[in-house]
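Since the structure comes first, as structure tokens, the remarks are kept for the end.
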Amino acid sequence: MGKKMIYQSQKGEMAALIVETEAYLGQKDSTAHAYRGHRSPANEALYGPPGMIYIFSLRGRMMLNFITQQREVPQGILIRGIEPIIGKEIMKKNRLKHGFELTNGPGKLTEALGIVDRTLNLTLLNQGSLKLDLGKGYRPQKIISAPRVGVSRRGSWTDKPLRFFVAGNPYVSQLPKQQMDLINHGWQNF
DNA sequence: CGGGCGATGGCA
DNA sequence: GCCATCGCCCGA
């Protein structure tokens with residue numbers, strides 16, 4: 001949370017802060033693609049090394065995930081919201097939207113970045129066009145955890161609080177306007 | 001807020 | 001073939 005993602009696209013460089021993620025905890029997680037060790041060409045990236053990029057499509061949108069554990073431990077995080085810092089103009093052209101609607105959802109943010117296929121799937125962070133800067137980044141005032149979005153009626157893991165977001169950051173998906181911190185965006189060092 | 005759209009993969 | 005799905009948009 002608060003770390004910087006940098007994407008070198010054909011149209012130019014973009015950078016954004018991660019403000020919302022969801023964890024998917026592998027074989028034991030009844031909502032995860034690797035539940036009960038499920039493995040196929042589609043989700044092979046889950047079994048890769050830490051920093052591997054997993055992309056799957058949902059209703060025609062690309063979902064961006066980073067693998068977090070060692071090889072053969074199929075856990076990762078879904079990126080659900082990012083706050084643009086660089087390349088906002090490119091994102092606007094890619095999305096045909098502006099403001100918080102640019103990147104406040106998992107499918108929206110990939111569209112904004114211009115990720116429209118699975119080219120990056122099975123590739124590694126920091127070795128290609130997509131980089132993650134694990135340096136200091138921005139510090140959230142508060143991180144909230146909540147049940148994950150869109151995983152209804154899928155067993156005992158459905159309601160586990162594995163969604164995390166920067167409290168008040170307006171690029172968090174489905175965040176009511178009332179809860180938005182429009183001054184600091186939820187950061188300590190904004 | 002509710003409905004419609006939609007591609008892909010996994011399995012029969 | 002058929003079904004299910006980790007979203008988004010638009011129009012009330």
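Labels below follow one simple rule: chain letters A, B, ... track the order of the sequence lines, proteins then strands, and each chain is numbered from 1.
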ask   = Contact class for Arg39(A) (heavy atom, under 4.0 Å): base, sugar-phosphate, or nothing?
value = nothing
(Q) Tell me if a side-chain donor or acceptor on Gln188(A) pairs with a main-chain N or O of Pro140(A) at a distance below 3.5 Å. (A) yes
Sequence neighbours excluded, the answer for side chain to side chain donor-acceptor pair (under 3.5 Å) partners of Tyr54(A) is His33(A)
Considering only NZ, NE, NH1 and NH2 on the basic side and carboxylate oxygens on the acidic side, decide whether Lys92(A) and Glu89(A) come within less than 4.0 Å.
yes
Heavy atoms of other groups near Leu182(A) CG, more than 12 under 6.0 Å = yes
In whole angstroms, the gap separating P of dC8(C) from CE of Met62(A) amounts to 13 Å
Check your understanding: Hey, are Lys160(A) and Glu22(A) close enough for a salt bridge, meaning a charged N less than 4.0 Å from a carboxylate O?
Key -> no
To the nearest angstrom, the NZ-C1' distance between Lys108(A) and dC9(C) comes to 9 Å
Donor-acceptor contacts, no H, no angles, side chain residues 127-137 of chain A, under 3.5 Å, sequence neighbours left out:
residue: Lys131(A); atom: NZ; partner: Gly128(A); partner atom: O; Å: 3.1
residue: Asp133(A); atom: OD1; partner: Gly135(A); partner atom: N; Å: 2.8

Taking every heavy atom of Leu113(A) against every heavy atom of Asn94(A), the minimum-distance pair comes out as C-ND2, 3.7 Å
Side-chain contact check for His38(A): nearest option of dG7(C), dC8(C), dC11(B) is dC11(B)
Which part of the nucleic acid, if any, lies within reach of Thr31(A) when heavy atoms closer than 4.0 Å are counted: base, sugar-phosphate only, or nothing? base
To the nearest angstrom, the CZ-P distance between Arg80(A) and dG7(C) comes to 5 Å
- Asp29(A) and Arg148(A) ion-paired at < 4.0 Å: yes
Rounded to whole Å, CG of Asn104(A) lies from P of dC8(C) at a distance of 8 Å
Arg61(A) atom CZ is separated from dC8(C) atom P, nearest whole Å, by 7 Å
On DNA chain C, more 5' by nearest nucleotide between Glu111(A) and Glu22(A) is Glu22(A)
To the nearest angstrom, the CD-P distance between Gln174(A) and dC8(C) comes to 8 Å
What does Arg163(A) touch in the nucleic acid at a heavy-atom separation under 4.0 angstrom: a base, only the sugar-phosphate, or nothing? nothing
Among the nucleotides dG9(B), dC9(C), dG7(C), whichever has the atom closest to the side chain of Arg118(A) is dG9(B)
From CG of Leu102(A) across to C1' of dC8(C) the rounded distance in Å is 14 Å
Atom OH of Tyr24(A) and atom P of dT5(C) are separated, to the nearest Å, by 13 Å
Side-chain contact check for Ala42(A): nearest option of dG7(C), dG9(B), dC9(C) is dG9(B)
Assign His33(A) to base, sugar-phosphate, or nothing according to its heavy-atom contacts below 4.0 angstrom with the strands shown. base
Any stem touching DNA chain C, meaning at least three consecutive Watson-Crick or G-U pairs under 3.5 Å, ordered by first number, would be B:1-5 with C:7-11, B:7-11 with C:1-5
Side-chain atoms of Lys97(A) come closest, of dG7(C), dC10(C), dC11(B), to dC10(C)
Do any side-chain nitrogens or oxygens of Arg95(A) fall under 4.0 Å of OP1 or OP2 in dC9(C)?
yes
